[in-house]
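Note that these values count all heavy atoms, side chains included, but never hydrogens, waters or copies made by symmetry. All ligand and atom numbering here is 1-based and tracks the order in the structure.
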Amino acid sequence: MQTHEIIRRFTDHFVSTGHTRVPSASLILDDPTLLFVNAGMVQFKPYFLGDAPAPYPRATSIQKCVRTGDIEEVGRTTRHNTFFQMAGNFSFGDYFKAGAIEHAWELITSGAGFGIDPDKLWATVYRTDDEALELWRKFLPESRIQRRGGKDNYWDMGVPGPGGPCSEIYFDRGPEHGRDGVDTSGGPEADEDRYLEIWNLVFMQDIRGDLSPKEEHPPIGTLPKKNIDTGMGVERVATLLQGVENVYETDLVRPVISRAEEFSGRRYGANVEDDVRFRVIADHARSGVMIIGDGVTPSNEGRGYVLRRLLRRIVRSARLLGVQEPVLNSFAEVVRDAMAPSYPELATDFERISAVVRNEEESFLQTLTAGSRIFDTAVTTVKAAGSTRLPGDQAFKLHDTYGFPIELTLEMAAEAGLTVDEPGFRTLMAEQRDRAKADAKAHKTGHSDGTAYRAVLDAAGGTEFLGYTDVTGESRVVGLIVDGVGVPAAGKGTAVEVVLDRTPFYAEGGGQQADTGWIRGDGFSVEVTDVQSPVAGLSVHRGTVTDGEVTIDAPVQAEVDVTRRQAISRAHSATHLVHAGMRKALGDAAAQAGSLNAPGRLRFDFTSPAGAVPASVLADVEDEVNDVLLNDHEVRAFVTTQDEARRIGAMALFGEKYGDRVRVVEIGDYSRELCGGTHVHRSGQLGLVKLLSEASIGSGVRRVEALVGLDAFRFLAKEHVLVSQLAEQFKAKPEELPERIGGVVERLRVAERELEKVRADAVLSSAGALADSAEDVAGTALVAVAAPDGIGGNDLRALASDVRGRLGARPGVVALFSADGDKLSFVVATTSAARDAGLAAGKLVPSFAAAVGGRGGGKPDLAQGGGTDPSGIPAAIDALRRRLASA
Ligand code: SER
């Protein structure tokens, strides 16, 4: 049974039993505790916790999931894959254990479902869950129901949140897949390769705190209702129903392996090591494409880093299969074709996805070439020193300078028969992180531990935002935090974090900078310098108490710095216009990848498959945007459903979390975008938008920067003054300046070239005098001198050859040094008589190189090199002289 059919039958089964079909959430949800969505229940978390009323009593979804905890295991076992689809059914206070078990059993065993032979099935229940055990006895003999402990049969998110005991369904693949339990009662307890878990039914009833392991720490509370959360591994079921060995060989994954076979000319199944590489490629290609599809681009941190690792591991694996040419785009195409029936956006958005993978591959191949050289040198050095361990600082350098993920260094080292000093590497990484953290802390007084914030949120509820309409507001202090700890009061001079029940202050988010301003109450005031939302729903005002003492419960007046806010709002509206303008000019592939809206200026990052945006296109976009300003469109914000927003063509940012209700900001008919930020009322208020620059910020992402309003005007005025000054200096009209300056630069270039030639001639003409100055050292004519400073390698070589020629048939050695700042170059040349006498240029270098802190080498007739200590030139000449004397 094909995967798409499995998905169809699953969905039909639950829709026909009253479940609302909910689309998969993006892999990127706005949950700071999760890198990627890793279970079907993530998008329903608020309904389980009772934070929001569930819009339906029952739901079903096929959720895209990424788990990257054990990337190393991918391809080595039959079960690990980084991307998978979790099919689930959910009950929010509706049916419970009996319903969940009956629904699952019916689907798995019936003909309209998966038609699996009931005799092959096993179930597990939580140690003390007699109720679940009893329910299973309706379908299974007791010998095939096992009780297991919390590690296996209690599910939580691994972070504070909902959880509960669970019951899992296993399929027995037969004795050829593992132990049949001769020494045990068999079943999942004996071997999880033979007994494959296919479905997990979680009886969601508890609230888990942040203490682990879960076996030792009981839940901290009970959920308002008893719920069901189930997760069936679509790929695992496909493995069984397609009768293949593992997930990599199922219908949606295997085509990538076939493509890799075509590329490499090798066959899957022929060689154990190659097979791991094929499977790594197949798995990672799929995860990579799906992650990019949800808006992530490769980078050096967080999700971007995971993506980078995945993509780079594909390229490496392909190399190990003997493929030299670029592969990522081709693999991405195969993934698109396999996955688009379920995720059509992969096809419509493919141009962007393809640009991202092509860019990443290109830059990685460059990195690989440069880094591999460094790596090879390091390996040679390590081996020459009789060691088998690559030092941590080398691994760090490869990481820091050449972007080699440590995993890559580990793999390459293993191939070269070496280990890596990983602890040493980690120490250096930690030091670097600490430095970065110290920087960040100086910038923002953030506390990483969110306990104090969550306590305020639990006690007082969230913060109501007034700032769309108001810049001042009456409110009340509901939380005070000093140094990460909740306090009842804070006095003058204290750096404090203030939480209000309602606030006009905008917390940094969606690219928009935070408001600043003042919180004033009876006898006290706080100057607010930053506003953040460390936990969803809560705004935290950071600042200093400038007067009196602020206390919990005090009524206050909150006042936003209006001038700054207006300048930020102008920038934000301008960003929407630039976004719309770019899309019109470059097509939909120019998707927003990030932005910054600061007072009077903005930054807009976007994907650009075609590379740099021509200046003429930028000029057109700028023109068009300013035209929109002149037409003074109304700016309107309204809340609607996600479907409606999509219908009216509102642009949405990939990876942003959207609830059912979304806020749309529209500027006339020109721009329509989902957005939580603040804006001007009419486009005319922007005054002027000036695009400043456009540049690559890596991996197919470009950045434009722009000024807005008075800042744009001042910039243009300054440029005008500058141009006037230049015109004055060059005695030219402004429009003649480019030509005039071009002429001057060209004349300068010609003059420089001539000067260079004169210098070179002068140097070369000294050859005769140098040859004449040769001294006799043990029968060899030696010319060893410091030539004038700054002679480049070519001239130095030419001069040395010339001098050598003049030494004729004598045994002769010429060594010329030329300093250049704190560096130097040198050349050694030998006559053929000298070479006959055993003096090879390359072999002479080590006799003096150390004296100038340098190294070099070459052939018997000519060697060259460089050094870092010009003051050592006389000592080097002496050393060479001694070497010849002892020859
Ligand atoms: N949340 C459970 C899991 O991820 C069931 O959906 O396994």
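- An N or O contact shorter than 3.5 Å is missing between N38 and ligand 1 by distance.
- Proximity of the aromatic rings of Y95 and H103 is defined here by a centroid distance below 6.0 angstrom, and this criterion is met.
- Residue-ligand proximity, M41 to ligand 1, at heavy-atom distances under 4.0 Å covers atoms 1 (N).
- Residue D229 has at least one heavy-atom neighbour below 4.0 Å for each of these atoms of ligand 1: 1 (N), 2 (C), 5 (C), 6 (O).
- Here the protein heavy atom with the shortest distance to atom 7 (O) of ligand 1 is N200 ND2, 3.2 Å.
- Residue contact annotation: M86 has a non-hydrogen atom under 4.0 Å from ligand 1.
- Of all atoms in ligand 1, listed by their number and element, those nearer than 4.0 Å to a heavy atom of G231 are 5 (C), 6 (O).
- Near R67, with a cut-off below 4.0 Å to any heavy atom, the atoms of ligand 1 are 4 (O).
- Using bins of under 30°, 30° to 60° and over 60° for the plane-to-plane angle, the ring pair Y47/Y56 lands in the perpendicular bin.
- Residues Q242 and D251 bring a donor and an acceptor atom of their side chains to less than 3.5 Å of each other.
- Near A39, the atoms of ligand 1 lying under 4.0 angstrom from a non-hydrogen atom of the residue are 4 (O).
- Classification of the F10-W199 ring pair by plane angle, with boundaries at 30° and 60°, yields tilted.
- For ligand 1, the atoms closer than 4.0 angstrom to any heavy atom of V202 are 2 (C), 5 (C).
- Taking 4.0 Å as the cut-off between side-chain N and carboxylate O, R279 and D283 do not count as a salt-bridged pair.
- Side-chain contact between E189 and R148 is present, with at least one heavy-atom pair separated by less than 4.5 Å.
- The residue L201 has no part lying near ligand 1, judged by heavy-atom distances below 4.0 Å.
- Between R194 and E176 there is no salt bridge, since none of the side-chain N atoms of the basic residue sits less than 4.0 Å from a carboxylate O of the acidic one.
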